[in-house]
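Take a look at the structure below.
A, B, ... follow the sequence lines: proteins, then strands. Residue 1 opens every chain. The model shown is predicted, which means the values in this text are computed figures rather than measured ones.
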Amino acid sequence: VPVKVYPAAQSKQIRFRELHAKDAAPLEHRRMCSKEGKEVPYDEIVRGYETAPGRYVVLTKEEIQAAAAERGKTIDLEDFVPGDEIDPVYYDTPYWLGPQAGAEEAYGVLRAALEKAGVVGVGRFVLRTKEQLVAVHAVDGALRLDTMRFHDEVIDPEDLDIPEPAKSVTDREAKMADALVSSLEAEFDPAEYEDTYRERVLEVVMAKAKGEQIVPSEPVSDGDGSADLMALLEQSLGGAKKRSGGAAKKSTRKGAGKSKTRARR
Amino acid sequence: MPRPIWSGSLSFGLVNVPVKLMSATRDLGVHFNQLHEKDKARIEVRRVCTQEDVEVPWEEIGRGYELDDGQIVMLTDEELEAADPKNTIDIEAFVDVEEIDPVYFDHPYFLVPDSNEAAVRAYHLLRRVMESSGRVAIARFVLRTKEYLVAVRPRGNAISLTTMRFHDEVRSPEDVGLDGLPKAKKAQVDQAVQLIEGLTTDFEPERYEDEHRKRLLAIIQQKRKGKEIEIPDEPETPKAVPDLMAALEASIQRMKDGGGDGGDGEAKLERMPKKELLERAKARGVEGRSQMSKDELVEALSRS
């Protein structure tokens with residue numbers, strides 16, 4: 001099925017520019033030869049793979065691409081798997097797939113069949129010069145391709161040596177914590193979460209632009225790591241219960257976030 | 001253990017768990033260095049002040065935000081911190097993980113508790129209740145100069161944190177002009193579903209190796225030995241199949257042939273999801289099937 005690929009995500013992070021602090025002049029990145037100490041024009045730069053300290057194998061762009069070309073420009077779906085079996089840890093970057101002219105029919109059949117079978121296609125695809133493991137889903141009336149991490153790129157929790165408690169969690173604590181989880185249960189609606197930090201940073205920027213002095217607020221104490229777990233759970237639950245009295249779930253959550261911050265201060 | 005990227009606390013009601021953030025991925029990519037072609041010396045990127053034309057050391061670098069009128073406002077680390085003084089991962093809600101479209105997931109990390117008993121117990125308490133309730137926590141926190149919406153959930157004996165994209169960072173199909181696509185014909189969809197079902201298996205990440213990484217390393221080795229690298233021709237973009245129905249039928253036939261006589265060869269069984277194997281085992285009355293692993297089911301079914 002001939003397709004076109006469109007990015008499905010775009011970061012809206014605030015971009016800062018690097019400045020020289022003393023004169024506020026912007027900085028420029030210059031590529032310098034470490035041996036000659038002179039700036040190197042772009043066409044004199046090659047790519048080298050370090051095989052031993054200071055020893056490089058130089059590869060041309062075409063030679064690097066030779067590793068990708070074998071498969072050509074096809075997305076080869078090798079398997080179909082139930083989507084819920086793929087742990088989110090494997091997902092990397094999302095793209096939308098659109099049909100090329102003349103391929104609308106085949107595209108529509110694949111999309112409808114994936115949806116009907118309730119599965120996700122897993123395959124490989126060369127994006128720019130790198131071959132990627134990808135998952136193809138039928139979502140919102142279109143096909144989405146998510147690049148995926150390979151299994152050896154994902155760290156297993158067993159490798160981390162997470163400490164175990166000397167005294168294990170009691171049933172009473174678990175019950176309290178469970179009640180607290182229930183009190184904060186909600187449906188996931190992505191539109192409910194806005195990036196408020198972006199706005200707060202812009203506020204600071206605007207205040208500074210007007211010549212106001214920015215006073216960093218006192219750091220909030222983290223406490224001593226929940227000394228009396230049971231008491232804290234009880235208090236949290238008391239708060240959560242009071243707040244949820246009669247209120248809709250949505251407003252409960254927003255309220256919970258705010259009063260939590262107040263309580264800590 | 002890898003170095004922590006951030007440390008702070010995970011807050012759950014009034015319970016604060018001091019934690020460190022670690023990446024849950026390792027970089028196995030093949031990386032190249034930029035070299036100066038004529039002397040094979042490394043290229044260094046130097047930061048130069050555009051006013052003074054001198055190199056600027058790290059400690060003299062400031063952060064500027066350019067306003068619409070071109071004015072640049074410089075912010076210190078302390079001033080930036082005024083936008084987020086908390087240093088906590090605040091849990092706002094608990095949701096069903098299946099409600100979250102994977103399009104929102106960005107980078108996976110682990111949270112590791114401080115080694116004191118109180119922190120470790122609170123950590124495992126949260127992990128345990130999320131596991132038993134099947135819920136994941138939605139929280140937010142600021143890492144460097146960006147706020148992240150995150151999903152906090154149990155993974156094995158650890159708690160993982162996955163950064164998520166905000167809804168306005170995700171494009172819909174309409175945003176990229178993918179609306180009004182024609183509906184597919186039912187007969188073709190049914191054929192395709194038959195093909196897909198025949199190729200449906202469990203997701204086993206270990207089955208997929210990064211062949212590109214291997215080929216690239218092999219090319220590097222050849223080049224090191226002074227061999228010439230064959231540059232393949234640019235592959236052609238495949239054309240749409242003229243007769244979709246015929247292509248689907250041929251694919252199904254090929255799949256059936258691949259599966260031998262249509263019976264349950266071991267290779268074919270191995271590809272099936274465990275759910276399906278269990279159903280087949282039930283139909284055949286295989287005893288002790290509910291306690292069996294996938295491999296044991298395959299073996300029992302291929303013998304029966």
Quiz item: Who passes salt bridge (Lys or Arg N to Asp or Glu O under 4.0 Å) against B/R224, sequence neighbours left out?
Solution: none

Self-check item: Neighbour count above 12 (heavy atom, 6.0 Å) for B/K185 NZ
Solution: no

Considering all heavy atoms of both residues, which atom of [X] and which atom of [Y] are nearest to each other, and what is their separation?
X: B/I196; Y: A/A117; value: CG2-CB, 3.9 Å
X: A/V89; Y: B/R153; value: N-NH2, 4.0 Å
X: B/E169; Y: A/Q13; value: OE2-N, 4.2 Å

Quiz prompt | side chain to side chain donor-acceptor pair (under 3.5 Å) between B/H167 and A/E192, intermediate numbers included | solution = CA-CA 9 Å; B/H167 68 100; A/E192 242 180 72; over 6 Å; no

Practice problem: Go through B/D210 and A/R149 one step at a time and tell me if the salt bridge (charged side-chain N to carboxylate O under 4.0 Å, His left out) criterion holds. | Solution: CA-CA 9 Å; B/D210 190 346; A/R149 301 181 174 90; over 6 Å; no

Quiz item: Is there a donor-acceptor pair closer than 3.5 Å between any side-chain N or O of B/E147 and the backbone N or O of A/T196?
Solution: yes

Quiz item: Does the side chain of B/D27 come within less than 4.5 Å of A/E153's, by heavy atoms?
Solution: no

Self-check item: Sub-4.5 Å side-chain heavy-atom contact between B/N33 and A/Y56
Solution: yes

Exercise. Take A/R15 and B/Y65, measure what side chain to side chain donor-acceptor pair (under 3.5 Å) needs, and give me the verdict at the end.
Key: CA-CA 7 Å; A/R15 305 266 169 218; B/Y65 184 82; over 6 Å; no

Self-check item: Proximal component of B/L149, with respect to chain A [non-hydrogen, under 4.5 Å]
Solution: side chain

Quiz item: Is chain A contacted by the side chain of B/Y208, its backbone, both, or neither, given a heavy-atom distance below 4.5 Å?
Solution: both

Quiz item: Under 6.0 Å between ring centres, would you say that holds for A/Y90 and B/F203?
Solution: yes

Exercise. Answer with side chain, backbone, both or neither: which region of A/D84 has an atom nearer than 4.5 Å to a non-hydrogen atom of chain B?
Key: side chain

